[in-house]
Amino acid sequence: MKKLKKIMSAMVCGALAGCMTLGLVACGGGKGSGEIDFWYSTSVPNGRIISEMIEAYNNGQGKEDGVKVTGDNRGQIGRTDFMVDPPNVVMLTDAEFKQFAVEDYYLDLTQFYEEMPGSYKEEEIPASFSRAFRIDKEDDANGKRMAGEGAAIQGIPFGANPMVLYYSKSVFENSGIKIVSCEEKNLATKYPGLQPHGYAEYTAENGAKPPVEGATASENLAGEQVYKIFNNLIPMNWEEYRYLSKCFTTSYNEESPTDYGSMMHHWFSMGWSVGGDCVGYDGEKYTFTALDDSDNYLVTAQDGVTVNGRHYAAGEVVRYEDKVQQSDIATMSGLHILPSQGTAMREFINFTVPREKTGGMVATGYGVSSGMNEAIDALYSAANRVAMASGTLGQTTTLEVSYKGQYDIMFPSQWREYKGGSVYYTGEETFANEYLKVIGKQYGGSVYTGELDKDAVSGVPFVGRQTGYATFYTLLIPENSDSENYEAAWKFIRWAASEEGQKIYMKTGNVPNQSVLALSDEFAALGGDRNFRAAAMAAQGAEIGDWAYFNNGAWVDKWAGNFNQALRLGYSTPEKFMQDFAGIANNDIGKVSIVMNGRW
């Protein structure tokens, strides 16, 4: 059996000094060539593309490597597959990865990468892609197993399916919204009349001309004549996202074509943008920080700032561990205060809590987002449920069948601060009385310009991280597979993860791991009239979801149900949620041995 062969090979190699290098492979007898099996799990259309990739390797680089690959779309790949006669190469998701990694089912690929990298190089992909599949083979002296930055390479990133925000083009356009696509860096030359906003309104009063050709004046929620501009290549800030959601919610706007403005099931883009998370590592242990009220910090010093011994560059957000370990962080220079994780989480919760108090809720929510997890179905259903819905890029397959040509893609929201703020109130400062400031109008005696706020000295803008979750895919070598083919398996993996292999893989619609490809016109063109550029940019800052932090997602399951139902629907309060579930969550994460180095 292969398992016995691997064990015997390791015993022989352990007795030979030279076999601790890549000679380990030669010791197995394969010498880097041979036929290998590759198991993957994907849809039928994407399976055809992976088959195309395998064929391209076999007819090209594979001939030079002396390796031939046989692919098998296996569906679910489980523990037994790794224990008994596993294939030479396996594709997994981030959610599956750690539960098998801690049981030592994967080969440590660090040495292969260092001595035989080929054309695959980690520095050419986002750090979050690679650290998702790094985890040491053994615990350290403190009984902790390091994952993330600096840990052993047990999987090679193979692409990502990122979180995006879908919107109805017809709903927007019929409401007088002009849609443009322009990256922030190109705004001054391509659209000099626009400011860097995801959604903004410009005054149309007193003969004001439109800020961009094709924009027409219409009435906003406050009854003013404005030009409404939506830029699908710049994230909306929190205020813009909730205002636009308000515009498309019938309880605030009787003429709204949809019941609710938005549907977003995951809080990640809000919490992570300001540096928060549902867990925080204090240097010794993890704590459940879903509603942590401590400030977060953006680095604004031009030369960066060192916090708790870690140097941060300008524009980076300080990690939880460093901010809690640096006792004087509140008085340090070169830092700008960002909202807490608790503030971000309450903002997210407010979207779905009904306007009217229900079930003991002590505060009135916004009521602008569907509280049910309807996913993208809510976007195209006959009932016209929502104008915007978050999902993953892979869900374009469903939308192409049910809503083709009527939707598009943009980023999830981001923390962004504008000079003079983003909103104003008519009367009491409640959400019902809140409106978006109109660029070109006066507020408090000053004309609102809509400019990004920034540090007066360094010029660093006050923006958080542009982020959201993604499903990441990896290629790995089962340790119980035939050791004679370790090197042959590695040769295929390094090619599949390189630019050449990823050019084919990206036809699946998943974002390739190579940033140069992801951000290329070639990948953008694969989307046709869909904004794949925004999806590719979203993937560059994406992270694994909380279900993939530790061995499995069971620790999340114990509190996520109450969070997504009782709390988000207004039948509980944030305080009661923490009272009921913080202890349970802390007990679970207190047992984990994994430390996610590189996460905030």
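When a residue number appears, it is its place in the shown sequence, counting from 1. This is a predicted model, so every value here is computed, not measured.
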Is a side-chain N or O of [X] found less than 3.5 angstrom from the main chain of [Y], in a donor-acceptor match?
| X | Y | result |
| --- | --- | --- |
| Asn350 | Arg346 | yes |
| Gln395 | Thr392 | yes |
| Ser340 | Thr343 | yes |
| Arg355 | Ser251 | yes |
| Asn186 | Cys182 | no |
| Thr249 | Ser245 | yes |
| Ser446 | Tyr443 | no |
| Tyr166 | Thr396 | yes |
| Gln326 | Asn308 | yes |
| Ser458 | Asp455 | no |

More than 12 heavy atoms of other residues, nucleotides or ligands under 6.0 Å from CG of Asp521: yes or no?
no
Decide yes or no on side-chain contact (heavy atoms from CB on, under 4.5 Å) for Val318 and Leu335, but give the supporting numbers first.
CA-CA 9 Å; Val318 178; Leu335 298 174; 4.2 Å; yes
For the pair Arg319 and Arg310, evaluate side-chain contact (heavy atoms from CB on, under 4.5 Å) and give the outcome as yes or no after the intermediate values.
CA-CA 10 Å; Arg319 300 175 186 175; Arg310 187 190 302 272; 2.6 Å; yes
I'd like to know if [X] pairs up with [Y] as an ion pair, taking the criterion as any Lys NZ or Arg NE/NH1/NH2 lying under 4.0 Å from an Asp or Glu carboxylate oxygen.
| X | Y | value |
| --- | --- | --- |
| Glu239 | Arg416 | no |
| Glu451 | Lys437 | no |
| Glu543 | Arg131 | yes |
| Arg242 | Glu434 | yes |
| Lys419 | Asp453 | no |

Member of Glu201, Lys169, Lys228 meeting the side-chain contact (heavy atoms from CB on, under 4.5 Å) criterion with Ile177
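Exactly one candidate clears the test, Lys228.
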Pick out which of Tyr260, Tyr241, Phe172 makes a ring-ring contact (aromatic ring centres under 6.0 Å, His included) with Phe248.
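That would be Phe172; it is the only one of Tyr260, Tyr241, Phe172 passing the ring-ring contact (aromatic ring centres under 6.0 Å, His included) with Phe248.
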Result for ring-ring contact (aromatic ring centres under 6.0 Å, His included) between Phe351 and one of Trp238, Tyr366, Trp267 points to Tyr366
Using the ring pair (Phe, Tyr, Trp, His ring centres under 6.0 Å) rule, take Trp272 and His266 through it: C-alpha gap first, then chi angles, then the decisive distance, then the call.
CA-CA 11 Å; Trp272 291 348; His266 296 104; 9.6 Å; no
Residues pairing under salt bridge (charged side-chain N to carboxylate O under 4.0 Å, His left out) where one sits in residues 387-415, two or more places apart or in two chains, turn out to be Glu400-Lys404
When you look at Tyr167 and Phe230, which way does the ring pair (Phe, Tyr, Trp, His ring centres under 6.0 Å) test go after all the steps?
CA-CA 11 Å; Tyr167 65 93; Phe230 182 78; 4.8 Å; yes
Can Tyr252 and Phe431 be said to form a ring pair (Phe, Tyr, Trp, His ring centres under 6.0 Å), step by step?
CA-CA 10 Å; Tyr252 293 100; Phe431 181 70; 5.4 Å; yes
Could you go through the side-chain contact (heavy atoms from CB on, under 4.5 Å) check for Phe348 and Arg568 one step at a time?
CA-CA 9 Å; Phe348 174 75; Arg568 294 187 63 205; 3.4 Å; yes
Sequence-distant partners of Glu224, side-chain contact (heavy atoms from CB on, under 4.5 Å), two or more places apart:
Glu205, Asn220, Ala222, Val226, Tyr424, Val438, Lys441
I need the Gln195 CD to Ile229 CD1 distance, nearest 0.5 Å.
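So the CD of Gln195 and the CD1 of Ile229 are separated by 12.5 Å.
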How long is the straight-line distance from CG of Asn253 back to OG of Ser175, given to the nearest 0.5 Å?
8.0 Å
Take Met264 and Met270 through the side-chain contact (heavy atoms from CB on, under 4.5 Å) test and state the conclusion after the steps.
CA-CA 11 Å; Met264 184 166 67; Met270 289 185 170; 4.0 Å; yes
Evaluate ring pair (Phe, Tyr, Trp, His ring centres under 6.0 Å) for Tyr320 paired with Tyr281, printing each intermediate quantity in order.
CA-CA 7 Å; Tyr320 179 86; Tyr281 190 69; 9.2 Å; no
Fit a plane to each ring of Phe563 and Trp559, take the angle between them on a 0 to 90° scale, and name the class: parallel (under 30°), tilted (30 to 60°) or perpendicular (over 60°).
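Correct class here is perpendicular.
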How about Tyr549 and Cys278: do any of their side-chain heavy atoms sit closer than 4.5 Å?
yes
